[in-house]
Amino acid sequence: MISIEEIRKNTSLVKKKLAKKGDKSSIDNLLELDKEYRSLITNANELRSERNIVSKKIASLKKDRLSAKTEINQMKEVGESISNIEKESNKIKKLIDTILLNIPNLPHDSTPNGIGSKDNKLVREFGKLKKTDYKIKNHIELGRDLNLFDFDRAAKISGSGFPLYTNRGAKLERALINYMLDLHSLEFGYVEIFPPFLVNSKSPKTTGNLPKFSEDMYQIENDNLWLIPTAEVPITNIHKDEIISEKNLPIKYVSYSACFRREAGSHGKDTRGFLRLHQFNKVELVKFVKPEKSYEELEALTINAEAVLKSLGLKYRVIELCTGDLSFSAAKCYDIEVWSPAEEKWLEVSSCSNFESFQARRGNIKYRKNDGKTDFLHTLNGSGVATPRLLVALLESHQNKNGSINIPEPLQPYFGSNIID
RNA sequence: GGAGAGGUGGCCGAGUGGUUUAAGGCGCUCGCCUGGAACGCGAGUUGGGUUCACGCCCUCGCAGGUUCGAAUCCUGUCCUCUCCGCCA
């Protein structure tokens with residue numbers, strides 16, 4: 001969440017930035033509640049102070065075997081007042097917290113202004129397609145012809161939107177995951193993590209998925225657990241309620257996880273094959289960094305994610321999201337999109353975001369500076385990358401006239417072959 | 001799933017209703033001592049709210065309750081450990 005001090009101090013600037021993100025939260029109402037809350041707290045504290053003093057007096061009177069009747073009766077009243085004020089202030093505090101938890105992060109000054117995806121900015125484009133003189137197949141045809149996955153049977157088992165990889169498809173999926181994990185950990189210095197896939201409700205609150213986006217996640221009601229929509233959720237919460245020494249920053253994690261998303265409201269959009277799934281695999285990058293380094297770290301993280309596509313010989317581009325297209329928790333975000341030759345579309349395979357202190361504040365994640373003071377650190381993350389659309393691009397881009405698929409060189413040791421035919 | 005034990009500061013650990021304003025120790029930081037160090041001596045060392053500030057208040061897993069007053073008593077809840085059962 002954004003800080004209430006910031007809202008108090010720079011009210012008009014906060015309003016302006018929220019408007020850029022298309023948010024309509026009532027800041028004036030929030031500030032009014034905040035004012036009321038603080039006045040109640042001050043009042044209660046004064047009474048508590050009085051009670052503390054008189055309580056000591058009661059103790060010493062009793063020790064000397066003197067009557068403390070007057071004081072006790074007096075404090076009975078004070079105690080009641082305190083409890084009344086507390087009830088009221090707790091109610092207001094809850095309201096304030098609810099409002100704050102539903103206010104999105106403020107966009108960074110470098111984020112371009114805009115309303116929707118058409119206002120996003122192209123940052124760079126990389127890679128070329130090979131020229132073909134034959135009709136290329138889409139990933140569904142390739143998968144069927146080469147027996148790589150089976151959507152009909154997946155639907156029989158689970159329903160639509162669930163993947164069933166078969167044979168060399170299953171192995172290719174595993175190879176991609178292992179390749180990406182090794183690339184990020186061995187080449188780029190991220191520490192490998194394997195997280196739980198079910199989390200309590202505090203964890204998605206840290207990342208910003210709850211309370212606002214409960215509809216997007218699968219919930220296990222019996223045990224009050226949630227299936228993770230991304231490894232970002234468990235990984236970011238590794239350091240929840242911790243104070244990390246400045247000399248240990250930055251912390252860089254890479255993690256594979258299965259991801260589960262209800263995709264409520266996106267039915268009928270890009271639903272063919274692997275384009276949109278309820279369950280998919282992803283390798284995720286997460287960083288905990290000093291505030292003054294976070295934008296530098298975002299550039300580096302984006303480049304790390306791009307390296308996957310670059311090394312696999314795929315055509316991709318990097319898009320800078322505009323204020324209106326930015327996700328709830330992000331201050332700045334680059335999307336990486338890979339080209340699908342058969343769909344003739346750019347497919348989003350990664351979102352690399354700087355959340356600044358938004359998540360750190362929600363999860364109470366701090367760092368201790370060298371001077372001994374503590375402050376919220378900054379968190380970042382990005383996919384490095386999600387497999388389904390990567391697989392789509394890979395199959396389609398590297399297919400041959402005879403229907404076989406060339407496996408890019410860096411992937412060959414993981415897959416165990418240079419071709420699928 | 002059943003039975004039991006327990007959660008106190010960075011760590012260990014005392015504390016069963018009122019000078020606990022959380023003892024004592026370890027660690028860490030600073031100072032003295034020293035040629036330099038060790039030892040020793042002294043000081044500091046949870047996090048948060050509010051205030052221009054001094055200060056005041058909260059914080060003993062979490063949430064309620066009893067009481068003039070709760071780390072301490074009661075209820076619920078979460079977590080950890082031990083034993084039993086089940087199990088990849």
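Here is how names work: the chains are called A, B, and so on, in the same order as the sequence lines, proteins then strands, and each is numbered from 1. Computed from a predicted structure; not experimentally measured.
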Colleague: Whole-Å distance between B:G49 P and A:Arg8 CZ?
Modeller: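 It is 9 Å, rounded to the nearest whole Å.
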Colleague: Indicate the atoms forming the closest heavy-atom contact of A:His184 with A:Asn304, along with that distance.
Modeller: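 Here A:His184 and A:Asn304 meet closest at CE1-O, 3.2 Å.
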Colleague: Between B:G18, B:U51, B:G47, spot the one nearest the side chain of A:Ala59, thanks.
Modeller: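 Taking heavy atoms from C-beta onward, the closest nucleotide is B:G18.
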Colleague: What do you reckon, are the aromatic ring centroids of A:His239 and A:Tyr253 less than 6.0 Å apart?
Modeller: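 Ring-ring flag for A:His239/A:Tyr253: true, centres closer than 6.0 Å.
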Colleague: Using the P atom in both, what is the distance from B:G4 to B:A22, to the nearest Å?
Modeller: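 Here B:G4 and B:A22 have their P atoms 35 Å from each other.
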Colleague: With rounding to whole Å, what would you report as the distance between B:G13 and B:C26 at their P atoms?
Modeller: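 Rounded to whole Å, the distance is 15 Å.
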Colleague: Rounded to whole angstroms, how far apart are CD on A:Glu246 and P on B:G10?
Modeller: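 Distance check: A:Glu246 CD to B:G10 P gives 19 Å.
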Colleague: Let me have RNA chain B in dot-bracket notation, would you? Count Watson-Crick plus G-U wobble pairs, both distances under 3.5 Å, and use [ ] for pairs crossing earlier ones and | for inter-strand partners.
Modeller: ((((((((.[[[..)..(.....]]]((((((.......)))))).((((....))))..[[[[[..)....]]]]])))))))....
Colleague: When the C1' atoms of B:A14 and B:A63 are compared, how many Å lie between them, rounded to an integer?
Modeller: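 Going atom to atom, C1' in each nucleotide, I get 27 Å.
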Colleague: How many whole angstroms separate atom CD1 of A:Ile96 from atom C1' of B:U50?
Modeller: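 The distance from CD1 of A:Ile96 to C1' of B:U50 comes to 13 Å, rounded to the nearest Å.
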Colleague: Strictly below 4.0 Å: does A:Thr374 bring a side-chain N or O up to OP1 or OP2 of B:G48?
Modeller: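 So the side chain of A:Thr374 is within the cut-off, an N or O lying under 4.0 Å from OP1 or OP2 of B:G48.
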Colleague: So which one's nearest nucleotide on RNA chain B is more toward 5', A:Glu5 or A:Asn364?
Modeller: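 Comparing both residues, the 5'-ward one is A:Asn364.
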Colleague: Can you tell me, in whole Å, how much space there is between the P of B:U72 and that of B:C58?
Modeller: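 Each nucleotide's P atom is 15 Å from the other's.
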Colleague: Under 4.0 Å from OP1 or OP2 of B:G47: is there any side-chain N or O of A:Arg368 that close?
Modeller: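 The answer is yes; a side-chain N or O of A:Arg368 sits under 4.0 Å from OP1 or OP2.
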Colleague: Which whole number of Å gives the distance between the P atom of B:C28 and that of B:C11?
Modeller: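 My reading of the P atoms in B:C28 and B:C11 gives 15 Å.
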Colleague: Quote, to the nearest angstrom, the C1' distance that separates B:C81 from B:U67.
Modeller: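 Going atom to atom, C1' in each nucleotide, I get 34 Å.
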Colleague: Nearest whole Å is fine: how far is B:U45 C1' from A:Ile243 CD1?
Modeller: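 It works out to 13 Å between those atoms.
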Colleague: Write down the distance separating the P atoms in B:G10 and B:A23, rounded off to the nearest Å.
Modeller: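 Straight-line distance between the two P atoms is 14 Å.
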Colleague: Treat primed atoms plus P, OP1 and OP2 as sugar-phosphate and everything else as base, then score nucleotides 53-81 of chain B 5' to 3': B for base contact with protein heavy atoms under 4.0 Å, S for sugar-phosphate contact only, - for none.
Modeller: ---SSS---------BS------------
Colleague: Report yes if the distance between the aromatic ring centroids of A:Phe149 and A:Phe274 is under 6.0 Å, otherwise no.
Modeller: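 Here the rings of A:Phe274 and A:Phe149 have centres that are less than 6.0 Å from each other.
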Colleague: For A:His139 and A:Phe151, take the angle between the two ring planes, folded into 0 to 90°, and tell me which bin it lands in: parallel under 30, tilted 30 to 60, perpendicular over 60.
Modeller: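 The arrangement is perpendicular - the two ring planes meet at more than 60°.
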Colleague: Taking all heavy atoms of A:Ser329 and all of A:Gln359, pick out the closest pair and write down the distance.
Modeller: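 Shortest heavy-atom contact: CB-NE2, 4.5 Å.
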Colleague: Can you check the distance between B:U77 and B:G1, where both ends of the measurement are the P atom (answer in whole Å)?
Modeller: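 Looking at atom P only, B:U77 and B:G1 are 13 Å apart.
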Colleague: How many whole angstroms separate atom CZ of A:Arg38 from atom C1' of B:C52?
Modeller: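 About 13 Å, once rounded to whole Å.
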Colleague: A:Arg361 near the nucleic acid: base, sugar-phosphate alone, or nothing, with a heavy-atom cut-off under 4.0 Å?
Modeller: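 Nothing, no nucleic acid heavy atom in range.
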Colleague: Under the salt bridge (Lys or Arg N to Asp or Glu O under 4.0 Å) rule, what do A:Lys17 and A:Asp23 come out as? Steps first, then yes or no, please.
Modeller: CA-CA 9 Å; A:Lys17 287 193 170 185; A:Asp23 184 75; over 6 Å; no
Colleague: For A:Asn43 and B:G49, what is the distance between atoms CG and C1' respectively, to the nearest whole Å?
Modeller: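 Result: 15 Å.
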Colleague: Return yes when atom CD1 of A:Ile115 has more than 12 non-hydrogen atoms of other residues, nucleotides or ligands closer than 6.0 Å, and no otherwise.
Modeller: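 Result for CD1/A:Ile115: open.
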Colleague: Show your working on ring pair (Phe, Tyr, Trp, His ring centres under 6.0 Å) between A:Phe197 and A:Tyr218 and close with a plain yes or no.
Modeller: CA-CA 11 Å; A:Phe197 293 176; A:Tyr218 289 101; over 10 Å; no
Colleague: Over 60° means perpendicular and under 30° means parallel, so classify the ring planes of A:Phe162 and A:His278, tilted if in between.
Modeller: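 Ring orientation of A:His278 relative to A:Phe162: tilted.
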Colleague: Check each of A:Leu380, A:Asn248, A:Ile251 against A:Phe288 using the side chain to side chain contact (heavy atoms under 4.5 Å, CB included) test, and report the only one that passes.
Modeller: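 For A:Phe288, the side chain to side chain contact (heavy atoms under 4.5 Å, CB included) check succeeds only for A:Ile251.
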